[in-house]
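Here is the structure we will look at.
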Amino acid sequence: METDENMLDIATYASEAAEHRHYLHAHPEPSFEEWGTQRYITDRLHSLGLNPLPIAGTGVTATVVGTRGSANGKVLLLRADIDALRLTEETDLPFASQNEGVMHACGHDGHTGTLLAVAHWLVDHRDQFGGTVKLLFQPAEEITPGGAEPCVKAGVLQNPNVTFVFGVHLWNILDFGKVGLRAGPLLAEADRFELTVTGKGAHAATPHLGADPIVAAAQIITALQTIVSRETNPLDSRVVTIGTIDGGSAFNIIPQSVHMTGTLRALSREDAELGAASLRRIVTHTAEALGTTAQVDYEFGYPPVINSRESVAFLHPFLQQAAGEGNIVEPEISMGGEDFAYYLQQVPGVFVFVGTRNPAKGLTAPHHNPKFTFDEDIFPLAVSLFVAVVRGYLS
Ligand code: NI
């Protein structure tokens with residue numbers, strides 16, 4: 001069990017995490033433009049005596065070797081994402097964004113602050129773990145293709161070879177202090193598509209002389225929902241959303257074409273591929289039935305985040321010890337995407353949600369909302385979870 005002394009110890013690192021978060025929150029940078037963030041992280045790691053290296057452009061990686069027992073060949077990758085969103089902040093936080101139009105509205109400032117504090121703990125407590133901890137401050141989680149795949153391609157899982165990976169997401173959907181641990185899918189595959197329906201422009205008063213892409217687009221949008229309602233097992237989950245629709249220039253003109261973008265989400269790559277095939281079929285043939293043609297550009301996005309049963313069972317007792325009895329819960333699956341999936345495709349590991357929703361303090365704004373922030377009292381638990389995984393896995 002954690003001794004009280006250990007918990008006191010954690011409190012000092014947790015307050016460092018909050019300080020880092022304040023700086024990062026005030027200086028947010030969008031995906032793959034995190035140069036100042038990279039400099040901040042690199043400076044902090046240097047000051048701890050570590051040897052940080054850039055990765056995938058704006059990312060940072062560093063290793064900390066433990067001294068407990070003989071080196072056992074285990075390498076634990078701890079990952080935090082570091083990017084912000086193109087969004088204008090509407091909080092009145094004293095450390096609100098100083099970069100107009102950019103905001104840490106997903107909690108990645110908290111992830112980065114936590115991992116910097118954990119880096120300090122690791123340097124101070126090398127005698128409490130064996131093997132190697134690899135820290136990864138990953139750029140560009142918020143866009144596709146994002147930063148995880150380039151980090152994997154750049155060899156973050158090699159030299160030394162990573163044997164287990166752990167990451168968290170602060171989660172305003174989950175109550176404060178709960179840890180959402182789930183075997184199986186936790187986040188969805190998130191694909192993106194573009195549709196162009198081309199007809200034949202005409203005067204609005206003479207539809208018989210043209211081929212109306214707006215009517216075709218309307219039927220396509222409606223028909224696409226049958227992928228969810230008629231082609232998905234009712235006990236399974238898929239989402240089809242058209243996010244933009246763009247066509248026409250005047251009330252009395254039938255336009256030449258309509259352009260749409262959207263996303264299809266599923267809990268496995270197989271389901272996403274089936275969905276993509278259905279989407280192509282429905283779009284192409286609906287357009288054809290109405291005398292128009294359609295072009296489909298489909299881009300497979302992040303794979304789903306899937307925690308293996310064995311890894312979850314292994315970590316459960318360590319996370320429970322850090323979070324306290326009754327605080328490990330099975331969270332609702334999110335149909336959002338997360339590129340942590342790329343690490344889990346290569347090595348065993350676990351991704352968890354850390355609950356930060358606190359209605360008593362009015363902290364309930366959803367992620368990606370201009371009023372988003374989270375309860376900073378979560379930092380002791382966030383740091384403890386990483387420490388528990390280090391001590392549990394690298395014992
Ligand atoms: Ni996020």
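Counting starts at 1 for both ligands and their atoms, in listed order.
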Item checked: Proximity of Tyr23 and His27 rings by center, below 6.0 Å -> yes
Next item on the list: Please check if the distance between the ring centroids of Phe372 and His367 is under 6.0 Å.
Entry: yes
Next item on the list: Specify whether an N/O/S atom of His111 falls short of 2.8 Å from the Ni ion (ligand 1).
Entry: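 No, His111 does not qualify, because none of its backbone or side-chain N, O or S atoms lies under 2.8 Å.
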Next item on the list: Of all N, O or S atoms in His108, identify the one at the shortest distance from the Ni ion (ligand 1).
Entry: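 Sorting the N, O and S atoms of His108 by distance to the Ni ion (ligand 1) puts NE2 first.
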Note to self: Tell me which N, O or S atom from His169 is the closest to the Ni ion (ligand 1).
What the structure shows: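 That would be atom NE2.
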Notebook entry, point to check: So do Gln295 and Leu195 actually touch side chain to side chain, heavy atoms under 4.5 Å?
Noted result: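 No. Closest side-chain heavy atoms not under 4.5 Å.
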Checklist line | Verdict with supporting geometry, Asp83 and His108, side-chain hydrogen bond (donor to acceptor under 3.5 Å, both in side chains) | finding: CA-CA 6 Å; Asp83 57 329; His108 300 189; 3.1 Å; yes
